[in-house]
Amino acid sequence: MNSDATPDIPTGATQLADVLDLAEETGYTTEFDVAAGDSAHDILRCQNCDVESPASSFERAWSQRLEGASDPADMLHVSALTCPSCGARGVFVSPYGPTASDRQASVLRALPEAERESPPSPS
């Protein structure tokens with residue numbers, strides 16, 4: 001048992017920073033965000049090429065759901081995606097469940113199935 005553990009502080013949760021670091025180490029270096037404005041609800045914007053594309057047109061290598069160690073309601077979803085326009089690899093980070101906006105939920109529903117459920121270890 002870890003002697004540095006504090007009894008009242010939850011441990012063991014995967015942290016967003018760790019997932020993002022692993023994504024970057026494996027080549028997912030750009031970011032995707034939900035398109036704003038009058039576009040359809042399931043559109044993502046690539047920060048590399050600034051092109052908006054339907055979420056269903058992205059390739060999704062892996063995804064991981066995260067919950068807060070101290071508050072399981074802190075729910076985030078991270079997907080490793082490839083842009084259909086420029087081929088850039090990056091991540092889409094979004095809340096899921098009741099804290100997600102309508103647009104975020106639409107994107108999450110429209111994304112294709114992930115090839116795997118968690119990021120691979122860097123080689």
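In what follows, every heavy atom counts, from backbone to side chain, and hydrogens, waters and symmetry copies are set aside.
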Once rounded to the nearest 0.5 Å, what's the spacing between atom [atom1] of [X] and atom [atom2] of [Y]?
X    : Y    : atom1 : atom2 : answer
H41  : R109 : NE2   : CZ    : 10.0 Å
D42  : D102 : CG    : CG    : 12.5 Å
Y28  : L20  : OH    : CG    : 14.0 Å
Q104 : D33  : CD    : CG    : 10.5 Å

* Step by step, would you call N48 with F32 a side chain to side chain contact (heavy atoms under 4.5 Å, CB included)? -> CA-CA 9 Å; N48 186 63; F32 302 102; over 6 Å; no

inquiry  = Taking L44 as the starting point, is it possible to reach V51 by hopping between hydrophobic residues whose side chains are less than 4.5 Å apart?
reply    = no

Walk me through whether V34 and I43 qualify under side chain to side chain contact (heavy atoms under 4.5 Å, CB included).
CA-CA 6 Å; V34 174; I43 303 294; over 6 Å; no

Smallest heavy-atom separation, R103 atom then A35 atom, equals NH1-O, 3.2 Å

| field | Side-chain donor or acceptor of E24 paired with backbone N/O of D21 under 3.5 Å | value | no

Problem set entry | Ionic contact status for D50 with R45, cut-off 4.0 Å | yes

- Decide side chain to side chain contact (heavy atoms under 4.5 Å, CB included) for W62 and V19; before the verdict, give the C-alpha distance in whole Å, the side-chain angles of both, and the deciding distance to 0.1 Å. CA-CA 11 Å; W62 54 262; V19 174; 3.9 Å; yes

Below 3.5 Å, can you tabulate the donor-acceptor pairs from side chains in residues 79-95 to any protein atom, sequence neighbours excluded?
unit_1, atom_1, unit_2, atom_2, d
S79, OG, R60, NH1, 3.1
S79, OG, H77, ND1, 3.4
R89, NH2, T26, O, 2.5

